[in-house]
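Everything on this sheet refers to the single structure shown next.
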Amino acid sequence: QVQLVESGGGLVQPGGSLRLSCAASGFTLDYYGIGWFRQAPGKERERVSCISSRDGSTYYLDSVKGRFTISRDNAKKVVYLQMNSLKSEDTGVYYCATDGCGAPMTSVRYWGQGTQVTVSS
């Protein structure tokens, strides 16, 4: 079965850093783009970042550019999201998912369970 499991979330102060991990199983990661998404209560889920399966090209939401970095290790079947200079507005549940990156978010087939990120002093 396809499974994606997020980890690394937690409580961090503004300006701090976290590294999220997305562990994949049940499929060959090389053939899939992987996206990171987040959702705050009462807000729409949004794509934060994405990394292509083909050439490693990346996408970032404008508000996280320069602060977040997505990377992948296909051999370990893990995708990371390094988050630096965190702001309160980064708070939310973060999900990883198989992702076409340029495709609409509604086309995502497989989601992880999510990990909570809370940025607060």
Side-chain angles (χ1 to χ4, degrees):
Q1 295 184 18
V2 173
Q3 281 196 311
L4 297 163
V5 180
E6 303 93 338
S7 62
L11 175 64
V12 64
Q13 293 184 341
S17 297
L18 286 172
R19 188 179 74 163
L20 305 184
S21 298
C22 174
S25 63
F27 65 100
T28 301
L29 186 61
D30 309 59
Y31 302 151
Y32 289 80
I34 300 293
W36 282 99
F37 304 79
R38 69 186 179 193
Q39 188 168 24
K43 297 183 179 179
E44 297 292 324
R45 189 172 299 186
E46 61 184 349
R47 181 186 275 115
V48 176
S49 186
C50 193
I51 186 163
S52 172
S53 65
R54 292 172 292 278
D55 58 6
S57 61
T58 57
Y59 160 85
Y60 297 96
L61 186 67
D62 284 346
S63 63
V64 309
K65 287 180 179 177
R67 300 189 297 118
F68 291 12
T69 303
I70 191 170
S71 61
R72 65 191 296 155
D73 186 331
N74 290 334
K76 295 181 178 179
K77 304 187 76 171
V78 179
V79 176
Y80 304 99
L81 185 68
Q82 179 67 47
M83 306 186 295
N84 299 324
S85 302
L86 284 162
K87 305 174 181 179
S88 60
E89 54 262 43
D90 295 318
T91 294
V93 178
Y94 282 69
Y95 302 87
C96 64
T98 56
D99 193 8
C101 295
M105 186 178 66
T106 52
S107 69
V108 172
R109 292 184 180 273
Y110 303 108
W111 295 90
Q113 296 299 305
T115 185
Q116 177 71 43
V117 172
T118 302
V119 185
S120 177
S121 59

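Nothing fancy with the numbering, it's 1 onward along the sequence.
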Using side-chain heavy atoms (C-beta onward) and a distance below 4.5 Å, is [X] in contact with [Y]?
{"X": "Arg67", "Y": "Tyr60", "value": "no"}
{"X": "Ser53", "Y": "Arg72", "value": "yes"}
{"X": "Leu61", "Y": "Arg38", "value": "yes"}

Members besides Phe37 in its Ile/Leu/Val/Met/Phe/Trp/Tyr cluster (side-chain heavy atoms under 4.5 Å):
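Hydrophobic cluster check, Phe37: joined to Val93, Tyr95, Met105, Val108, Trp111.
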Considering non-hydrogen atoms only, spot the tightest contact between Asn84 and Ser17 and give its length.
OD1-OG, 2.9 Å
Which pair of heavy atoms, one from Leu4 and one from Ala24, lies closest together, and at what distance?
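Heavy atoms of Leu4 and Ala24 come nearest at CD2-CB, 3.7 Å.
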Basic-acidic side-chain contact under 4.0 Å: Asp90, Lys87
no
Are Leu20 and Tyr59 co-members of a hydrophobic cluster defined by side-chain heavy atoms under 4.5 Å apart?
yes
State yes or no: do Val12 and Tyr80 share one hydrophobic cluster built from I, L, V, M, F, W and Y residues joined by side-chain heavy-atom distances below 4.5 Å, directly or via other members?
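Different hydrophobic clusters.
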Once rounded to the nearest 0.5 Å, what's the spacing between atom [atom1] of [X] and atom [atom2] of [Y]?
{"X": "Glu6", "Y": "Leu81", "atom1": "CD", "atom2": "CG", "result": "11.0 Å"}
{"X": "Met83", "Y": "Ile70", "atom1": "CE", "atom2": "CD1", "result": "11.5 Å"}
{"X": "Cys22", "Y": "Tyr94", "atom1": "SG", "atom2": "OH", "result": "14.5 Å"}
{"X": "Lys76", "Y": "Asn74", "atom1": "NZ", "atom2": "CG", "result": "12.0 Å"}

Could you work out, with salt bridge (Lys or Arg N to Asp or Glu O under 4.0 Å) as the rule, every residue matching Glu89, not counting sequence neighbours?
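Residues passing salt bridge (Lys or Arg N to Asp or Glu O under 4.0 Å) with Glu89: none at all.
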Only one of Leu29, Asp73, Asp99 passes side-chain contact (heavy atoms from CB on, under 4.5 Å) with Val79, and that residue is Leu29
Begin with the C-alpha distance, continue with both residues' side-chain angles, and end with the deciding distance and a verdict on side-chain contact (heavy atoms from CB on, under 4.5 Å) for Thr98 and Ile34.
CA-CA 5 Å; Thr98 56; Ile34 300 293; 4.2 Å; yes
Using residues 112-121 as the side-chain source, report each donor-acceptor pair under 3.5 Å to any protein atom, sequence neighbours left out, with the distance given to one decimal.
unit_1	atom_1	unit_2	atom_2	d
Thr115	OG1	Gly9	N	3.2
Gln116	NE2	Thr118	OG1	3.3

When you compare the side chains of Asp55 and Ser57, does any donor N or O come within less than 3.5 Å of an acceptor on the partner?
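Asp55 vs Ser57: donor-acceptor pair found between side chains.
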Heavy atoms of other groups near Phe27 CZ, more than 12 under 6.0 Å
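Result for CZ/Phe27: enclosed.
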